[in-house]
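Because only heavy atoms are used, hydrogens play no part in the values below, and waters and symmetry mates are left out as well, while side chains stay in. All chains are named by letter (A, B, ...) in the order of the sequence lines, taking the proteins before the strands, and each is independently numbered beginning at 1.
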2 protein chains.
Amino acid sequence: MDPRVPADERILQAALARIAVDGLGAPLRTVAQDAGVSAGLIIHHFGSREKLLDACDQRVLEVTQQQKHSALTGGGGAMLAQLAAAEEYAPVVGYVLRRLQAGGPLAQRLIEDFVAGAADYIEEGVRAGVISPSRDPEARVRVLVHMALGSLVLQLPGQHSPLDLADLPRWMREYTDSLVAPLLELYTTPLLTDSSLLETYLATQPEPAAGPGGSAPSTDRSTP
Amino acid sequence: MDPRVPADERILQAALARIAVDGLGAPLRTVAQDAGVSAGLIIHHFGSREKLLDACDQRVLEVTQQQKHSALTGGGGAMLAQLAAAEEYAPVVGYVLRRLQAGGPLAQRLIEDFVAGAADYIEEGVRAGVISPSRDPEARVRVLVHMALGSLVLQLPGQHSPLDLADLPRWMREYTDSLVAPLLELYTTPLLTDSSLLETYLATQPEPAAGPGGSAPSTDRSTP
DNA sequence: TATCGTATTGAACGTCAGTTCAGCCGTGGG
DNA sequence: CCCACGGCTGAACTGACGTTCAATACGATA
């Protein structure tokens, strides 16, 4: 790899790409080889494997924060698709997908970020009159984002099958394309012909919670 | 564990439960301890760790096949919730969630099974008049199931955080409950106020594919 | 030039996990 | 009674991986 960029940066990028391809749990030595350095140097710069992953997480958050204004067209995952289209970001997107797949704190954090971003976008749509208002906008956005990201994660190859980074943009585009038609139909024509289900359900439920957190389940992630 | 049931069966059940709790990659020795046998005996009976997982997969398929007629109320994941409610099945459900999380062939297979099951259920709803017909029923079911299962998988704890089996029924119920209100709204009131998006999109697309496989992307799982 | 600190390496270490293997033990048949 | 055999164990082997460490190369500084 290009030795003009400092070793620690090379290591970070190699780690993002390698983990995107091989999944979390990619061996340190593999990352080292990709970066053209020894395994010991990674420890020297980052302290431990864990810390290296922390640095990757940090980098990811920087990139996604800076891209926050991106559109969430189509249900949520399209921001990722859009990012992945700029091929320099493919490693970051692949890493994000692997993180979402693996679960854990960063996954939750990223999901919340996506929810927040989508909330703004959806609200705009509501103001513009192209999206229906909701009784519980927070809960609705949460559901939409969970479904969009979740269905994307389900398409990932196994944790030990490689993810082809060069092919990632095409792959994501292909999948999101396959979703557009049924999603548009689903979001245009009501799935349920009878609104009595909703009404009777609402009749038995209290008003949607007003405070932050909405109707999400317990946030205790330790014993779900 | 009860020594009246044969050792190989005890091992299988221990493996299902332990993997549900600790994720795939739970050490053989841990499973062995749970089953009250030595690690060597697992190899003796199943040949290798890989083969043991194959046996678990087989067992899962038997259980889900036999439960195929279950309802998919609420969007798809509810079959799992229903199964998990019968606490003897909690290990199987946990194992399925771990498998879906990890991706790979069994995950794809299970998803396809769920799609098939949901297709029947949805079709019934359409005939009964409570669910709108679709231009592309297969694609619609696929999207619904992917979204339902995907959002569920996203809620799982990290692969190395334990999943509390005893709490699984309550946990799943809590999550699906939190989905009911926004989902009912989403499926009763059109999200998009204007059908022109759908119409203009359909105008640029050919008829939905008629053959099996629908509008799914390439089925090549090796290099997505 | 001498020196010091930083970057970097390659070998070695400890651990963990899957697998192998030699043997033990109880049971049923000769 | 003896023995063979299948279930079963525990120790040992092997490979992978994170981490440590002593040694080296290099560049800045006095």
Side-chain angles (χ1 to χ4, degrees), chain A residues 1-58 95 98-99 102 104 106 158-162, chain B residues 1-58 95 98-99 101-102 104 106 158-163:
Chain A
M1 194 173 283
D2 188 348
R4 282 169 304 186
V5 5
D8 52 356
E9 177 64 20
R10 255 162 40 217
I11 292 172
L12 200 90
Q13 291 182 8
L16 283 170
R18 176 54 57 186
I19 286 174
V21 171
D22 287 346
L24 299 172
L28 259 194
R29 287 173 167 86
T30 310
V31 175
Q33 200 167 357
D34 289 357
V37 302
S38 69
L41 190 62
I42 298 185
I43 303 288
H44 177 69
H45 277 301
F46 294 89
S48 73
R49 186 178 195 280
E50 201 64 27
K51 302 259 191 66
L52 171 62
L53 292 215
D54 289 348
C56 288
D57 293 353
Q58 193 54 42
Y95 182 87
R98 291 298 195 184
R99 269 292 195 199
L106 180 70
Q159 313 228 246
H160 299 304
S161 314
Chain B
M1 192 173 283
D2 189 346
R4 282 168 304 183
V5 10
D8 52 355
E9 177 64 20
R10 254 164 38 218
I11 292 171
L12 198 81
Q13 291 182 9
L16 283 170
R18 177 53 59 186
I19 286 175
V21 171
D22 287 346
L24 299 175
L28 261 192
R29 287 171 166 86
T30 311
V31 175
Q33 200 166 358
D34 289 356
V37 302
S38 70
L41 190 62
I42 299 186
I43 303 287
H44 178 70
H45 277 301
F46 294 89
S48 73
R49 186 178 197 280
E50 201 63 26
K51 302 260 191 66
L52 171 62
L53 292 216
D54 288 349
C56 288
D57 292 355
Q58 193 54 42
Y95 182 87
R98 291 299 194 183
R99 269 292 195 198
Q101 182 179 33
L106 181 70
Q159 312 226 251
H160 299 304
S161 315
L163 176 73

Just the atom pairs and distances: protein N or O near nucleotides 23-25 of chain C's N or O, under 3.5 Å.
none

Q.
With rounding to the nearest 0.5 angstrom, report the SG to CG distance, C56(B) to L12(B).
A. 4.5 Å
Q) Given atom CZ of R18(A) and atom C1' of dC17(D), what is their separation to the nearest angstrom? A) 16 Å
Using a cutoff of under 3.5 Å, can you pull out all pairs of nitrogen or oxygen atoms linking the protein to nucleotides 4-11 of chain C, with atom names and distances?
| unit_1 | atom_1 | unit_2 | atom_2 | d |
| --- | --- | --- | --- | --- |
| dT8(C) | OP2 | H45(A) | NE2 | 3.1 |
| dT9(C) | OP2 | S38(A) | N | 2.9 |
| dT9(C) | OP2 | S38(A) | OG | 3.1 |

Q: Using whole Å, report how far CG of L52(A) lies from P of dG18(D).
A: 10 Å
Q. Rounded to whole angstroms, how far apart are CD1 on I43(A) and C1' on dC13(C)?
A. 14 Å
Q: Please state how far atom CD1 in I11(B) lies from atom C1' in dC8(D), giving the value in whole angstrom units.
A: 10 Å
Q. Within the distance-only criterion (no hydrogens, no angle test), does the side chain of R98(A) pair as donor or acceptor with the backbone N or O of L24(A) below 3.5 angstrom?
A. no
**Q.** Test side chain to side chain donor-acceptor pair (under 3.5 Å) applied to E9(A) - qualifying residues, sequence neighbours left out
**A.** Q13(A), R59(A)
Q. Nearest to the side chain of L28(B), which nucleotide is it out of dT19(D), dT19(C), dG18(D)?
A. dT19(C)
Q | For D8(A), all residues meeting salt bridge (charged side-chain N to carboxylate O under 4.0 Å, His left out), sequence neighbours excluded | A | none
N/O donor to acceptor pairs below 3.5 angstrom from side-chain atoms of residues 40-53 of chain A, sequence neighbours left out:
| unit_1 | atom_1 | unit_2 | atom_2 | d |
| --- | --- | --- | --- | --- |
| S48(A) | OG | E50(A) | N | 3.4 |
| S48(A) | OG | K51(A) | N | 3.2 |
| R49(A) | NH2 | A26(A) | O | 2.6 |

Below 3.5 Å is the cut-off: list the nitrogen or oxygen pairs between protein and nucleotides 24-26 of chain D, distance only.
none

**Q.** Separation of dG18(D) P from K51(A) NZ (nearest whole Å)
**A.** 15 Å
Q) Taking the side chain as C-beta and beyond, is there a heavy-atom pair between Y95(B) and L106(B) under 4.5 Å? A) yes
Q. Salt bridge (charged side-chain N to carboxylate O under 4.0 Å, His left out) with R99(B): which residues, sequence neighbours excluded?
A. D57(B)
Q | Smallest separation among heavy atoms of A39(B) and A32(B), with atom names | A | N-CB, 3.7 Å
Q) dG18(C) C1' sits how many Å from F46(B) CZ, rounded? A) 16 Å
Q) Can you pull the side-chain hydrogen bond (donor to acceptor under 3.5 Å, both in side chains) pairs that have at least one residue in residues 15-30 of chain B, sequence neighbours excluded? A) R18(B)-D22(B), R18(B)-D34(B)
